[in-house]
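Hydrogens, waters and symmetry mates are skipped; everything else that's a heavy atom, side chains included, is used. For the single chain, residues carry numbers from 1 onward in sequence order.
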Amino acid sequence: MRHILKNVLTLSSLSLLLMSAYVRADDAADVGKLLRSGQISEALQKVDAALAQRPKDAQMRFLKGLILTEQNKSAEAITVFSKLTDDYPELPEPYNNLAVLYASSGQYDKARAALEMAIRTNPTYGTAHENLGDVYAKLASQAYDKALQLDSSNNTAKLKLTLVKNLVGNTTGGTNPKTAMASPAPAKASAAVVAATKPEAETAKPEPKSKPAPAAITTAASDKTEEDVLKAVENWAKAWSSKDTNAYLGHYAKDFQTPKGESYKAWAEERRNRIEGKGRINVKIESAKIDVDGNTATVKFRQIYTSDQLTANSRKTLHMVKQDGKWQIKQERAGS
């Protein structure tokens with residue numbers, strides 16, 4: 001796997017949204033097993049066999065592009081992802097992976113354009129927003145370098161270049177965008193996910209110097225509050241999974257901040273149509289991290305979403321507020 005830019009985010013650092021209604025789950029599972037065992041060529045053969053029967057299969061085409069990327073066949077992978085964007089312009093993942101491939105060859109303007117298309121397709125696609133910021137940082141670094149080549153005494157450009165380098169965390173002013181990845185992912189990709197999304201270290205809490213009993217009571221109360229918050233999130237996921245839209249929407253606060261700034265009524269109607277229009281839905285919450293501050297709480301977790309047509313493994317953040325004795329969602333963000 002080639003390290004393009006920033007080392008914190010490797011080329012295999014994100015799980016894929018599996019996209020097609022025409023997919024056979026057993027084929028995807030077989031390909032996943034081959035990828036996990038490092039049998040890349042065999043995985044490609046399996047994908048090609050599936051495509052021979054179902055040439056329009058979006059997921060298998062996406063998997064082929066991913067495998068070609070793993071094999072460092074960038075030109076072929078670009079062809080696959082480009083054709084996917086033509087046939088399925090509503091899907092953001094092929095645009096995102098095109099951006100990664102363009103960035104790997106230093107074509108940052110093309111990468112920027114592809115990411116802007118991904119965001120236009122799905123404004124809440126957090127990975128594309130993050131990658132676009134990384135690409136902008138690289139473009140800025142190149143511009144400041146050019147400015148210094150033209151005028152080495154330009155202290156303002158030197159300062160800005162230093163700021164960009166500090167921002168992206170390396171000495172080359174570069175970044176390494178995330179690619180959308182098939183799930184289940186190869187073992188090495190899973191390790192990259194862990195490395196890229198490892199929670200921040202907890203701040204050590206000093207031992208109380210006196211009155212240990214009240215401190216113990218406070219800790220117990222804090223633990224109980226976190227349990228209540230987590231239970232609310234789990235019940236939200238359960239209502240979503242059971243397609244109980246009334247219960248699902250009941251987990252959102254009266255002043256919920258809709259993702260696109262639309263009215264709550266319009267947002268709720270859109271969510272109702274999307275949830276009730278699905279066949280099977282299953283939503284799991286993993287690796288939750290909860291930060292409580294009075295009557296507000298922030299919950300960061302990994303959301304595993306599966307349906308008859310889609311599988312998604314992504315990071316999510318919920319900002320919660322306690323209203324009428326219940327923890328409810330005031331704001332939600334994907335890709336955090």
Side-chain angles (χ1 to χ4, degrees), residues 1 11-102 104 114 117-118 121-122 125 127-128 178-190 192-193 241 243 274-275 277-284 304-314:
M1 190 64 63
L11 189 61
S12 300
S13 64
L14 187 70
S15 299
L16 159 72
L17 295 177
L18 299 181
M19 303 170 293
S20 175
Y22 312 103
V23 191
R24 291 183 180 176
D26 53 348
D27 285 343
D30 289 344
V31 173
K33 291 178 182 177
L34 291 170
L35 290 174
R36 284 198 302 274
S37 61
Q39 301 178 68
I40 305 299
S41 297
E42 291 81 356
L44 182 58
Q45 291 175 8
K46 181 72 175 179
V47 169
D48 283 338
L51 288 174
Q53 298 178 8
R54 306 185 301 279
K56 296 294 186 180
D57 189 321
Q59 182 185 7
M60 285 301 167
R61 291 165 63 186
F62 190 97
L63 285 168
K64 182 168 184 175
L66 177 64
I67 293 170
L68 291 170
T69 302
E70 291 281 336
Q71 293 179 325
N72 292 327
K73 297 178 179 179
S74 297
E76 295 178 47
I78 286 174
T79 299
V80 171
F81 290 130
S82 295
K83 192 65 171 64
L84 270 173
T85 63
D86 292 337
D87 295 342
Y88 299 93
E90 73 278 8
L91 298 175
E93 291 77 21
Y95 290 114
N96 182 79
N97 280 27
L98 272 176
V100 174
L101 289 164
Y102 287 141
S104 72
M117 284 301 299
T121 300
N122 181 3
Y125 190 16
T127 299
K178 299 178 181 178
T179 183
M181 215 30 224
S183 179
K188 61 181 180 179
S190 299
V193 173
S241 298
K243 298 192 292 183
R274 292 192 64 178
I275 293 172
K278 296 288 193 249
R280 175 184 60 88
I281 293 179
N282 185 44
V283 182
K284 293 183 179 179
I304 314 298
Y305 173 96
T306 57
S307 70
D308 295 334
Q309 301 181 13
L310 186 72
T311 297
N313 183 332
S314 59

Shortest non-hydrogen contact between [X] and [Y], atoms and distance:
X      : Y      : result
Ser74  : Leu101 : OG-CD2, 4.0 Å
Ala128 : Ala118 : CB-CB, 4.0 Å
Ala77  : Gly65  : CB-O, 3.6 Å
Asp57  : Leu51  : O-CD2, 3.9 Å
Lys56  : Tyr88  : O-OH, 2.8 Å
Asn282 : Lys284 : ND2-CE, 3.4 Å

task = Could you list the residues that satisfy side-chain contact (heavy atoms from CB on, under 4.5 Å) with Gln71, not counting sequence neighbours?
result = Ile40, Ser41, Leu44, Ile67, Leu68, Lys73
key: Results of side-chain contact (heavy atoms from CB on, under 4.5 Å) for Ser82 - residues two or more places apart only   = Ile78, Leu98, Tyr102
key: Test log, rule side chain to side chain contact (heavy atoms under 4.5 Å, CB included), inputs Thr306 and Arg280   = CA-CA 8 Å; Thr306 57; Arg280 175 184 60 88; 3.5 Å; yes
inquiry  = Can you list everything that forms a side chain to side chain donor-acceptor pair (under 3.5 Å) with Lys83? Sequence neighbours excluded, please.
reply    = Asp87
ask   = Mind checking what makes side chain to side chain donor-acceptor pair (under 3.5 Å) contact with Gln39, not counting sequence neighbours?
value = Ser37
inquiry  = Tell me if the centroids of the rings in Phe81 and Tyr95 come within less than 6.0 Å of each other.
reply    = no
task = Answer yes or no: is there a side-chain heavy-atom contact under 4.5 Å between Thr85 and Met117?
result = no
inquiry  = Less than 4.5 Å apart, side chain to side chain, heavy atoms only: is that true for Leu91 and Phe62?
reply    = no
query = Given the rule in the side chain to side chain contact (heavy atoms under 4.5 Å, CB included) test, do Asn97 and Thr69 qualify, once you have shown the distances and angles that lead to the verdict?
reply = CA-CA 9 Å; Asn97 280 27; Thr69 302; 5.8 Å; no
request  = Give, for atom CZ of Arg61 and atom CG of Leu84, the distance between the pair rounded to the nearest 0.5 Å.
outcome  = 4.5 Å
message = Run the side chain to side chain contact (heavy atoms under 4.5 Å, CB included) test on Asn96 and Thr127 for me, step by step, so that the C-alpha distance in whole Å, both residues' side-chain angles and the decisive distance to 0.1 Å come before the verdict.
response = CA-CA 8 Å; Asn96 182 79; Thr127 299; 4.0 Å; yes
